[in-house]
Amino acid sequence: MQITPLVWLITIAVTIAFFVFEFFVHVRKPHEPTIAESARWSVFYISLALLFGVGIGMVSGWNFGGEYFAGYLTEKALSIDNLFVFLIVMTGFAVPKAFQQKVLMIGIIIALIMRGAFIAVGATLIDNFSWIFYIFGALLLVLAYRQAFSNHESDPANGKIVKFARRVLPITNEYHEDKIAVKIDGKRFFTPMLLTIVAIGFIDLVFAVDSIPAIYGLTNEAYIVFTANAFALMGLRQLYFLIGGLLERLVYLAQGLAVILAFIGVKLVFHALHVNELPFVNGGEPLLWVPEIPIWFSLVFIGLTITVATVLSLRKTRVDARRDEVAVAEDVKEGKL
């Protein structure tokens, strides 16, 4: 896949333009988006991402198109998991609904910048060291295990980074609209908005470590990695308000993502063995008998895993809700309530 510097510049410029548009049209004036507004823009950004993938397939071939779609699906799923943690952060810091858009926008921009840096580093490592696939594969298997047993229940308001910020900076106890800093009696104070952004920035760093090795397990093309990440992050703010209530019902999302990360980890290890250059593995010769997992299989596997995790989550929450209703009815009948 040949991407000229001009195409890179245009892509980055258009990406920046979208986020500038988002800020001035939607975020600059604090408000809580309606469901209709969030739905319209979510559909717009998802449609744009799908059309871009079709464009890649038509221009560069459907193998690259398949890599883009597999990467986009994976990054979108990881981004939704990211939203769940954002929701915990917003709750932990009691961010007013009208100001949550600004926090989300800043968090998404930080995520894009961090992922861009990781993409550049990852591309350099892959171009120069084939053994990095072993490292990425092992890292994803560890992350898959951690993801499977994570509960997202830690309190972001009491994290070490936030506690350090509270110690070294003068912080007010209340919000002052959506301002990050204010002057009180001639002295500058920071508001809890800054602490929220600090917490989200740290979370973005952790998620970048998850997402970049994952997508490099599906494609070696830095351009596809960047655009899949950019499109996964576009519209994430609207998606937060659209599925805010649904996030808490996706009880098996973490397990579904763990399966995807483990699958990509195995795929990376297989690829590392197939292009092996390490002298202590098979005498430095590639193990050509090791299968290479085709991109169409990866795309189907990822899509199916996300679907199964979503269906099982919604079924479980529906059954649990029905069981709670029955329990309450029985308590009322027996006079306990």
Side-chain angles (χ1 to χ4, degrees), residues 12-13 15-34 37-38 41 45 79-118 152 154-209 211 229-230 232-244 247:
I12 294 171
T15 302
I16 293 172
F18 267 110
F19 284 106
V20 171
F21 169 81
E22 279 273 287
F23 177 78
F24 282 101
V25 175
H26 298 293
V27 178
R28 193 177 185 182
K29 183 179 179 181
H31 72 286
E32 182 182 352
T34 64
E37 177 188 341
S38 299
W41 284 102
Y45 281 117
S79 295
I80 291 174
D81 191 46
N82 204 346
L83 278 185
F84 186 86
V85 184
F86 282 1
L87 179 63
I88 295 174
V89 170
M90 299 288 193
T91 304
F93 285 99
V95 181
K97 287 277 188 182
F99 307 149
Q100 289 184 4
Q101 285 205 94
K102 184 173 183 177
V103 176
L104 284 168
M105 188 69 184
I106 294 173
I108 290 168
I109 291 172
I110 293 173
L112 185 62
I113 292 171
M114 287 188 175
R115 293 186 190 193
F118 274 81
H152 296 314
S154 59
D155 183 4
N158 291 315
K160 292 181 180 179
I161 301 293
V162 172
K163 285 183 176 179
F164 176 76
R166 287 186 186 276
R167 282 200 306 269
V168 300
L169 297 173
I171 306 290
T172 63
N173 292 322
E174 62 282 327
Y175 288 90
H176 292 260
E177 297 181 342
D178 62 343
K179 294 182 174 66
I180 293 175
V182 291
K183 274 191 174 182
I184 301 176
D185 297 329
K187 185 178 179 181
R188 182 169 294 278
F189 287 84
F190 294 98
T191 72
M193 185 72 75
L194 175 67
L195 297 180
T196 308
I197 293 169
V198 168
I200 282 182
F202 181 73
I203 289 166
D204 284 334
L205 175 62
V206 173
F207 273 90
V209 175
S211 67
N229 269 277
L233 291 173
M234 284 181 187
L236 201 59
R237 179 184 58 80
Q238 290 89 346
L239 201 60
Y240 173 87
F241 292 99
L242 181 63
I243 66 172
L247 284 173

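All values derive from a computational prediction rather than experimental measurement.
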Taking it one step at a time, do Met193 and Lys179 satisfy side chain to side chain contact (heavy atoms under 4.5 Å, CB included)?
-> CA-CA 7 Å; Met193 185 72 75; Lys179 294 182 174 66; over 6 Å; no
Distance in Å, Ile180 CD1 paired with Leu195 CG, rounded so as to fall on 0.5 Å steps | 11.0 Å
CD1/Ile113 to CD1/Ile108 distance, rounded to the nearest 0.5 angstrom?
-> 12.5 Å
Any side-chain heavy atom of Leu239 within less than 4.5 Å of one from Ser38?
-> no
Report yes if the side chains of Thr15 and Leu112 come closer than 4.5 Å at any heavy-atom pair, otherwise no.
-> yes
Between the CD1 atom in Ile109 and the CD1 atom in Ile197, the distance rounded to the nearest 0.5 Å is 10.5 Å
Aromatic ring centroids of Trp41 and Phe21 under 6.0 Å?
-> yes
Set of residues satisfying side-chain hydrogen bond (donor to acceptor under 3.5 Å, both in side chains) with respect to Tyr175, sequence neighbours excluded | none
Phe19 versus Met105, closest heavy-atom pair with distance = O-CE, 3.0 Å
Report the distance from atom OG1 of Thr191 to atom CD of Glu174, rounding to the nearest 0.5 Å.
-> 9.5 Å
Output for pair (Ile184 CD1, Phe189 CZ), nearest 0.5 Å, gives 5.5 Å
Where is the tightest heavy-atom contact between Gly107 and Ile200, given as atom of each residue plus distance?
-> CA-CG2, 3.5 Å
Taking every heavy atom of Ala181 against every heavy atom of Arg188, the minimum-distance pair comes out as CB-NH1, 3.6 Å
